[in-house]
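Input: a single structure, listed below in structure tokens.
A quick note: this is a predicted structure, and the numbers were derived from the prediction, not measured. FYI, the numbering just counts along the sequence from 1.
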Amino acid sequence: MNCQEAQSNVLNYINHKLNKEEIRRFIEHIRECDDCRDELEIYYITMVGMQQIDDGELQTADFQKALKEDMCTRYEQCMREQDRTHSIRVLLGAFILSLLLWLIGQLIVII
């Protein structure tokens, strides 16, 4: 992801409107790019802080820490889902291979 894409996804990230792959790519970019991270922090502090004030419950004063925790949590969820998807594909591939080998064995017996 480049800076333009990341900056256009800041609000979508804050509002939980990115899919797992977009979240992973966004966070990976934010971790490496100081400018984009600064922009995310500004929007996050403003939007989350205002939301908490509107709700009448200020949950944190350390918004940078809250953002880092949010990013870690979401990134770990993406990676766990990616690992699960990979495991399912491997198991499905093994099942299909076993089925094909069984079918070939049956054909050989028939012939």
Side-chain angles (χ1 to χ4, degrees):
M1 180 171 291
N2 62 38
C3 290
Q4 184 178 2
E5 291 173 305
Q7 290 170 0
S8 70
N9 279 315
V10 165
L11 294 178
N12 290 330
Y13 174 81
I14 294 169
N15 293 317
H16 298 268
K17 293 185 177 179
L18 298 178
N19 66 39
K20 299 291 184 191
E21 178 61 21
E22 291 168 329
I23 291 170
R24 184 191 62 76
R25 292 177 60 233
F26 177 79
I27 292 173
E28 287 174 354
H29 179 82
I30 293 297
R31 286 178 174 170
E32 299 296 321
C33 181
D34 293 337
D35 292 337
C36 291
R37 184 173 43 255
D38 289 345
E39 184 169 341
L40 173 61
E41 286 178 358
I42 290 167
Y43 277 95
Y44 185 85
I45 291 167
T46 303
M47 293 181 70
V48 173
M50 293 300 293
Q51 185 63 47
Q52 289 181 10
I53 290 169
D54 288 347
D55 292 345
E57 51 184 73
L58 191 60
Q59 298 171 355
T60 185
D62 191 348
F63 289 101
Q64 287 178 322
K65 180 181 177 186
L67 175 58
K68 286 179 185 177
E69 290 172 356
D70 179 69
M71 288 173 48
C72 285
T73 300
R74 287 177 163 187
Y75 190 79
E76 288 171 3
Q77 289 171 345
C78 291
M79 297 313 290
R80 277 195 305 270
E81 185 168 311
Q82 186 177 2
D83 288 346
R84 276 194 303 268
T85 302
H86 176 73
S87 296
I88 289 170
R89 287 180 179 159
V90 168
L91 288 172
L92 185 58
F95 173 76
I96 291 171
L97 180 60
S98 298
L99 183 60
L100 286 173
L101 291 173
W102 179 81
L103 286 172
I104 290 169
Q106 294 302 311
L107 286 173
I108 290 173
V109 169
I110 294 173
I111 294 176

Problem set entry | Listed partners of E69 passing side-chain hydrogen bond (donor to acceptor under 3.5 Å, both in side chains), at least two apart | none
Exercise. Hey, does C3 have a side-chain heavy atom less than 4.5 Å from the side chain of H29?
Worked result: yes
Seminar exercise, completed: residues 6-28 vs ring-ring contact (aromatic ring centres under 6.0 Å, His included), sequence neighbours excluded, gives Y13-F26
Seminar exercise, completed: Residue set satisfying side chain to side chain contact (heavy atoms under 4.5 Å, CB included) with E39, at least two apart, ordered chain then number -> Q7, Y43
Seminar exercise, completed: Output for pair (D35 CG, L40 CG), nearest 0.5 Å, gives 12.5 Å
Problem set entry | Contact check, side chains of N2 and E5, non-hydrogen atoms, under 4.5 Å | yes
For this session: Enter the distance from R80:CZ to K20:NZ here, rounded to the nearest 0.5 Å.
Result: 9.0 Å
Exercise. If only atom types and distance count, is the side chain of N19 paired as donor or acceptor with the main-chain N or O of E22 below 3.5 Å?
Worked result: yes
For this session: Mind checking side chain to side chain contact (heavy atoms under 4.5 Å, CB included) for E28 and listing every partner two or more places apart, or none if nothing turns up?
Result: R24, Y75
For this session: With the side chain counted from C-beta on, respond yes when N9 and R25 share a heavy-atom pair under 4.5 Å apart, and no when they do not.
Result: no
Exercise. Shared ILVMFWY cluster between L92 and L100, side chains joined below 4.5 angstrom?
Worked result: yes
For this session: Give the cluster check for I45 versus M47: same hydrophobic cluster or not, with ILVMFWY residues linked at side-chain heavy-atom distances below 4.5 Å.
Result: yes
Exercise. Which heavy atom of R74 sits nearest a heavy atom of I23, and at what distance?
Worked result: CB-CG2, 4.1 Å
For this session: List for me each residue that meets side-chain hydrogen bond (donor to acceptor under 3.5 Å, both in side chains) alongside Y44, sequence neighbours excluded, and say none if there are none.
Result: none
Seminar exercise, completed: Residue set satisfying side-chain hydrogen bond (donor to acceptor under 3.5 Å, both in side chains) with E41, at least two apart, ordered chain then number -> Q64
